[in-house]
Structures are given as structure tokens and as C-alpha cells.
Amino acid sequence: MKPNEYKRNTRSAILMIYTGGTIGMKQDPLDMTLKPFDFDQIIEEVPELGKFAFKIDSRTFDPLIDSSDAEPALWKKIAKLIYEKYDDYDGFVILHGTDTMSFSASALSFMLEELGKPVVLTGSQLPIGVPRTDGKENLISSVEIASAKDEYGHAKVPEVAIFFNSLLMRGNRTTKVNSENFNAFLSPNMPPLAEAGINIKYNSSLIRHPDGRTGDFRIFTDLDTRVSILKIHPGITPQVVRNILCGPETRAVIIETYGSGNAPSKKWFIDTIKEAYEMGKIMVNVTQCLRGSVNMDLYATGKALEKAGVVSGNDSTTESALGKLYYLLGKSDDSKWIRTMLERDLRGEISK
Ligand code: ASP
């Protein structure tokens with residue numbers, strides 16, 4: 001990591017953490033592919049940052065990655081850096097590739113416990129050096145949001161959030177929905193936390209604040225990644241379902257179901273779910289639909305899953321369910337406790 005102090009001044013202080021992604025990429029003249037370049041060059045590209053009347057420091061991760069290579073090790077590195085620098089800065093802006101940004105934001109929302117400062121992830125669809133880039137606006141607004149305080153001097157958005165294309169969204173509610181346009185992210189089941197127009201309008205009633213009941217800011221990085229995702233589809237075979245649900249390396253499975261949480265009602269399917277439950281596997285039901293929630297009481301097919309031991313993921317995204325499972329499995333061996341926590345709202349990730 002290379003420290004780079006951009007501007008020394010008073011009032012707020014922001015730490016930008018550059019992990020890679022399109023925002024800081026440029027074309028390699030040899031093969032014309034986009035490859036990451038040094039963060040110092042990003043700073044040169046955004047002189048507007050110098051107009052903020054506060055200190056903005058930056059750290060560049062080594063290596064810089066395309067976020068398709070993001071792993072829990074990256075989240076741990078980010079969490080540890082935020083923990084180390086927590087008292088020195090008022091907010092953190094993480095520059096990250098868009099492909100897995102929702103996964104990283106979701107996992108970080110659980111790993112950063114009792115968070116009292118903004119952690120805003122952003123990136124872009126076009127590299128920051130390109131004239132029509134969306135990267136500048138995303139970066140400048142993210143810095144402004146990360147430094148925003150209320151009249152009592154408290155952070156306006158002490159959450160892990162994603163800022164993209166004028167919208168600030170709770171990170172664990174987002175999903176990447178567009179690989180071509182600037183509106184790459186959606187928060188399908190929750191309105192944005194803020195909207196950037198001429199002014200930045202905060203949706204204050206939706207923003208979460210730490211209640212301090214369980215102590216001060218801390219991080220949990222001991223994730224357990226023994227989780228699989230089973231996407232139900234017509235024609236899915238018993239062998240595939242068995243391999244995923246009952247595989248020895250899997251402690252938990254996210255079952256991506258149809259509509260309001262429905263899956264095949266065939267006997268072999270329900271029997272395999274029951275068998276997995278008997279083996280102690282944790283199964284959480286998340287809908288394949290972009291909007292709406294799982295309700296296993298609505299149809300007999302959903303009810304059968306519930307009876308067989310599947311837990312409702314409510315209106316969780318798959319990205320969020322994955323981060324939550326990594327976090328909960330890392331915290332405990334007690335399947336019953338994990339199932340209870342899965343149905344509980346821990347970081348605003350479900351509407352309950
Ligand atoms: N492949 C890139 C990444 O996720 C795409 C992007 O940044 O938009 O790192």
C-alpha cells in the first residue's frame with residue numbers, strides 16, 4: 001500500500017481506498033484491454049477534489065484488481081484498514097470494480113460492527129480518464145457524502161453504502177443490473193438513502209445509526225465461506241440438487257427460488273431438503289425475482305420448503321444473503337442460532 005496525501009486542511013478528513021476496477025483503468029496499447037493503473041493518476045484526473053476544504057488522503061492496494069478477482073481476503077484487508085484508521089478519518093470512500101461491488105458492500109456491512117462513520121463504495125462504467133466518464137461525478141459525490149455531518153457534528157450516513165449514478169443506496173440492498181449504462185446498480189426493495197441533484201437530498205428517516213448497545217466500532221473478519229448457491233430451474237436434476245445441498249464441503253445453501261419463494265413440489269426434491277436439514281445444513285430461501293419478498297406461507301410449494309427446514313431470506317438480495325451467511329457461520333457453530341439470525345434484520349438488509 002502506498003500512502004498518498006492529497007490535501008492537508010482542517011474540519012473533516014476522508015480516506016479514499018483504491019482497490020481497482022474500471023474507474024482507475026486505462027487501455028493497454030499492446031492488447032487494447034483495460035488494465036488498472038496507479039491511483040496517483042486518478043488524483044491528477046480529478047482536480048475538483050482539491051476544492052474540498054478538508055483533508056483527503058488515499059491508499060492504493062497492491063495489487064490492484066479487477067473486482068472479478070475480489071475475495072473475502074480483500075474485504076478483510078479493507079475492514080482492517082478502516083479499523084486501523086477509524087479514529088483518524090470522518091469517512092471512507094472505497095473505489096471498487098462494479099462487477100462484485102454489491103458483494104463487497106454486503107459483506108462489509110456485516111463485518112463492520114457498530115459502524116458510526118460512512119463507508120461509501122463507488123466506481124464507474126467508464127474509466128476516469130475518458131471524457132464521458134461517470135467516474136468523476138461518482139467519486140466527487142461519494143467524497144461529499146462521506147464527509148457530510150448533521151447539525152450535531154455526527155455523520156449523516158454512518159452506513160456501508162454504494163454511490164452510483166446520482167443515487168446513494170444501502171450497500172447490502174444493491175445488485176448490479178446493467179453492464180452497459182451508467183445506472184449499473186439498483187436497490188430493488190428499498191428507496192435510496194440519498195439522491196444527488198443540485199443538492200444532495202438525504203432520506204434521513206431511512207438511514208441507520210449505531211445504537212451503541214453492543215459497544216464501540218469493531219470488525220469481524222473470521223468469515224466462513226462454506227456456502228453454495230442453488231438456482232432452481234425447470235429440469236433441475238436430483239443429482240445436481242443432492243450434490244449442492246448435501247455436499248460435505250457445504251455448511252449452508254442459498255436456494256434461489258421462483259416468485260414468492262416457490263420450488264418444485266416433487267417428492268425427491270423435498271426429501272433432499274429434509275435430508276440436508278437432518279445433516280445440519282442451513283438453507284435460506286431467496287427469490288430469483290428482482291423485486292419483492294419470499295413468503296413461504298403463500299403457496300403449498302413454499303410451505304413445503306418451510307416445513308422441511310428452509311429459512312426465509314425475506315426480501316434479501318443473493319449478495320446480501322451470501323455476506324450474511326459468511327459472517328454468521330464464522331461467528332457460530334450453532335445452526336439454530338444462525339437460522340434465527342438469518343431471519344432477523346441485522347444491518348437493514350431485509351424489510352422486517
Ligand atoms: N470488471 C470491472 C471490475 O469489476 C468492471 C468495473 O469496474 O466496472 O473490476
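Just follow the structure's listing: the first ligand is 1, and inside any ligand the first atom is 1. The chain is numbered in sequence order, starting from 1.
Inclusion of D66 in the set of residues having an N or O under 3.5 Å from an N or O of ligand 1 is warranted. Among the atoms of T98, some N or O lies under 3.5 angstrom from an N or O of ligand 1.
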Run the numbers on I82 and L112 for side chain to side chain contact (heavy atoms under 4.5 Å, CB included), then give the verdict.
CA-CA 9 Å; I82 291 175; L112 305 179; 4.2 Å; yes
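Ion pair R218/E114 not flagged as a salt bridge, since none of the NZ, NE, NH1 or NH2 atoms sits closer than 4.0 Å to an Asp/Glu carboxylate oxygen. Ion pairing of K324 with E349 is present here, as a side-chain N (NZ or NE/NH1/NH2) and a carboxylate O approach within less than 4.0 Å. Salt-bridge annotation for D57 and K55: present, with a side-chain N of the basic residue lying under 4.0 Å from a carboxylate O of the acidic one.
The distance from ligand 1 to the heavy atoms of S124 drops below 4.0 Å at these ligand atoms: 8 (O). If you number the atoms of ligand 1 from 1 as listed, the ones under 4.0 Å from a heavy atom of G21 come out as 7 (O), 9 (O). Every atom of ligand 1 is numbered from 1 in the order shown, and the set under 4.0 Å from a heavy atom of T22 is 2 (C), 5 (C), 6 (C), 7 (O), 8 (O).
To the nearest 0.5 Å, atoms NZ (K136) and CG (L49) are separated by 9.5 Å.
With distances taken over non-hydrogen atoms, the option nearest atom 3 (C) of ligand 1 out of G24, S179, S67 is S67.
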